[in-house]
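One structure is given below, encoded as C-alpha cells.
Starting from 1, each residue takes its place in the sequence as its number.
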Amino acid sequence: MSAATTRSGTPRAPRATRTPDRLCAEAVELAREAAEEAAAPGIVGAHVEVVAEGDRVVTHFFECKEPGYRGWRWAVTVARASRAKNVTLDETVLLPGPDSLLAPEWVPWSERLRPGDMGPGDLLPTEQDDPRLEPGYTGEDAPPPNSAVSEELADHLDAEDAEIVTRTPSRGAIASVADELGMRRARVLSRYGLHTAADRWDEAFGARTPMAQAAPATCDSCAFLVPLDGSLKQAFGICANEFSPADGRVVSLAYGCGGHSEAAVMPKPPRPALPVHDSTAVDAFPLRPARDSGSTTEPDEVLEDLGHS
C-alpha cells in the first residue's frame with residue numbers, strides 16, 4: 001500500500017523536498033490511463049504535479065472535473081522494484097486539494113442533539129459520569145454501580161447509627177422514609193445540573209427577555225405563578241396563565257408579561273341610577289271623552305236613508 005492511502009482528507013502539509021524517481025515520474029500516461037479507468041469519461045483533467053512518496057514511489061496528481069468536487073484531484077501512485085525498469089501501478093484514489101470543497105467535520109450525535117429533537121419512541125441515554133447527575137439513595141442493600149457509597153462505607157454507617165439509637169434501624173425502614181422524601185432514585189440532579197438548568201430557564205423566560213422588559217410587573221407578584229419546592233422556589237416558578245407565552249413553563253420570578261394578574265384589573269360595569277320619576281308605568285288615555293264631561297255632544301240620531309247610493 002502506498003502513502004496515498006494513508007493520507008487523511010486534510011490538505012497536504014509541507015514536508016521535506018524529495019527528488020522523485022526518474023522512471024516513475026515519466027510514467028504520466030500510465031497514471032492517466034489508470035485515473036481514466038477509475039473515473040467517468042471526461043472527468044480526468046490536466047496533469048498537476050508529481051510528488052515523491054518514497055524510494056521509487058511517485059504519486060501523479062490530475063485535475064478532477066467532476067461537478068461538486070471543486071479542488072479535488074485524482075492521485076495515481078506508481079512504483080518500481082529495485083533495479084527494475086518497469087513501472088507498475090500501485091493505487092488510484094480521489095483526494096482533496098489545498099482549496100477543495102470539503103464536508104463539515106463530523107460531530108458526535110451527543111453534541112449535535114438540540115432541545116426539541118426528541119420524538120415519540122426516541123431514547124436518550126445518559127452517561128454514567130454525566131456531570132448533571134450524581135448518585136442518589138435507593139435503599140437497596142447493594143449501592144448502584146456508579147454510587148460513591150461502597151459496601152464497607154454502608155456497613156460503617158449502620159454501625160454508627162447503632163451507637164446513636166437504641167436499636168439498629170432496618171434498611172426497610174430507611175427505604176420507606178427515603179421513598180416518602182422522594183430520594184429513592186439511583187441518581188439525582190447534581191449542583192452543576194441544577195445550575196445549568198437554571199441558566200437555561202433564565203435565558204428563555206428571564207428578566208433580560210424583551211417580554212419581561214415591556215411587562216408592567218414581574219411574576220413574583222402575579223397570582224398565576226405556581227411556586228416550586230426546594231431551592232428553586234427562590235428564583236423560579238411555573239406559569240399557569242393560559243394566555244401567557246410562558247404557560248406551563250418554568251419562569252424566573254423576575255420575568256413578566258402583559259397577562260399579569262394585577263396589571264390591568266377590569267372595572268365592574270356601571271349600574272344605571274334609579275329613575276327620579278316613575279316613567280315605566282302605563283297611563284290610560286280614552287279615545288272619546290266621557291259623556292258627563294261636557295266637552296262634546298252626543299252624535300245625532302241616524303237619519304233616514306235618502307236614497308243616495
Side-chain angles (χ1 to χ4, degrees), residues 1-132 196 199-200 203-204 208-210:
M1 181 178 293
S2 68
T5 59
T6 60
R7 289 195 300 269
S8 62
T10 58
R12 183 185 299 275
R15 57 185 174 182
T17 304
R18 180 182 297 177
T19 303
D21 182 76
R22 182 179 61 84
L23 295 179
C24 293
E26 293 176 354
V28 178
E29 294 302 324
L30 175 64
R32 179 179 292 276
E33 292 177 0
E36 291 178 350
E37 183 180 357
I43 299 302
V44 181
H47 186 267
V48 178
E49 63 175 339
V50 178
V51 177
E53 304 289 354
D55 296 336
R56 297 178 300 278
V57 180
V58 169
T59 300
H60 293 269
F61 289 93
F62 300 89
E63 293 181 353
C64 179
K65 297 183 178 181
E66 180 74 23
Y69 285 83
R70 185 190 68 191
W72 288 64
R73 303 181 299 180
W74 286 101
V76 181
T77 303
V78 295
R80 70 180 181 90
S82 177
R83 298 181 182 180
K85 296 183 179 180
N86 295 330
V87 179
T88 58
L89 178 65
D90 191 351
E91 192 173 24
T92 303
V93 293
L94 182 62
L95 297 177
D99 58 343
S100 60
L101 182 63
L102 300 177
E105 185 178 357
W106 182 81
V107 180
W109 69 268
S110 58
E111 299 179 11
R112 297 195 309 265
L113 192 64
R114 294 293 180 267
D117 292 347
M118 291 187 61
D122 295 341
L123 297 178
L124 179 60
T126 56
E127 300 179 359
Q128 290 189 357
D129 56 349
D130 194 325
R132 300 172 301 173
T196 54
D199 294 340
R200 187 171 61 252
E203 182 179 359
R208 293 187 296 270
T209 58

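With contacts defined as side-chain heavy-atom distances shorter than 4.5 Å, the pair V87/L23 qualifies. Looking only at side-chain heavy atoms (C-beta outward), V58 and T77 stay at 4.5 Å or farther from each other.
Panel note: side chain T59, backbone A75; no donor-acceptor pair is recorded below 3.5 Å. Between the H60 side chain and the C24 main chain, a donor and an acceptor come within less than 3.5 Å of each other.
Among pairs with a residue in residues 24-43, those fulfilling salt bridge (charged side-chain N to carboxylate O under 4.0 Å, His left out) read R22-E26, at least two apart in sequence or across chains.
Considering CZ of R112 and CH2 of W106, their distance stands at 6.5 Å, rounded to 0.5 Å. Atoms CZ and CG, on R56 and D21 in that order, are 7.5 Å from each other to the nearest 0.5 Å. Separating the CG atom in L94 from the OH atom in Y69 is a distance of 6.5 Å, to the nearest 0.5 Å. We find the CH2-CZ distance between W72 and F61 to be 12.5 Å, quoted to the nearest 0.5 Å.
Under a 4.0 Å N-O distance rule, the pair E203/R208 does not qualify as a salt bridge.
Residues A31 and V76 share a closest heavy-atom pair of O-CG2, 3.4 Å. Minimum heavy-atom separation, P20 to V50: CB-CG1, 4.3 Å. Scanning all heavy atoms of the two residues, the minimum distance from W74 to T92 falls at CE3-CG2, 4.1 Å. R83 and R80 get closest at one heavy-atom pair: N-NH1, 4.2 Å. Scanning all heavy atoms of the two residues, the minimum distance from D99 to G71 falls at OD1-CA, 4.0 Å.
The side-chain contact (heavy atoms from CB on, under 4.5 Å) test applied to P104 returns no partner, not counting sequence neighbours.
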Quick one: do V44 and E63 satisfy side chain to side chain contact (heavy atoms under 4.5 Å, CB included)? Show the steps, please. CA-CA 6 Å; V44 181; E63 293 181 353; over 6 Å; no
Kindly indicate, with the supporting measurements, whether the criterion side chain to side chain contact (heavy atoms under 4.5 Å, CB included) is fulfilled by L95 and R73. CA-CA 5 Å; L95 297 177; R73 303 181 299 180; 5.9 Å; no
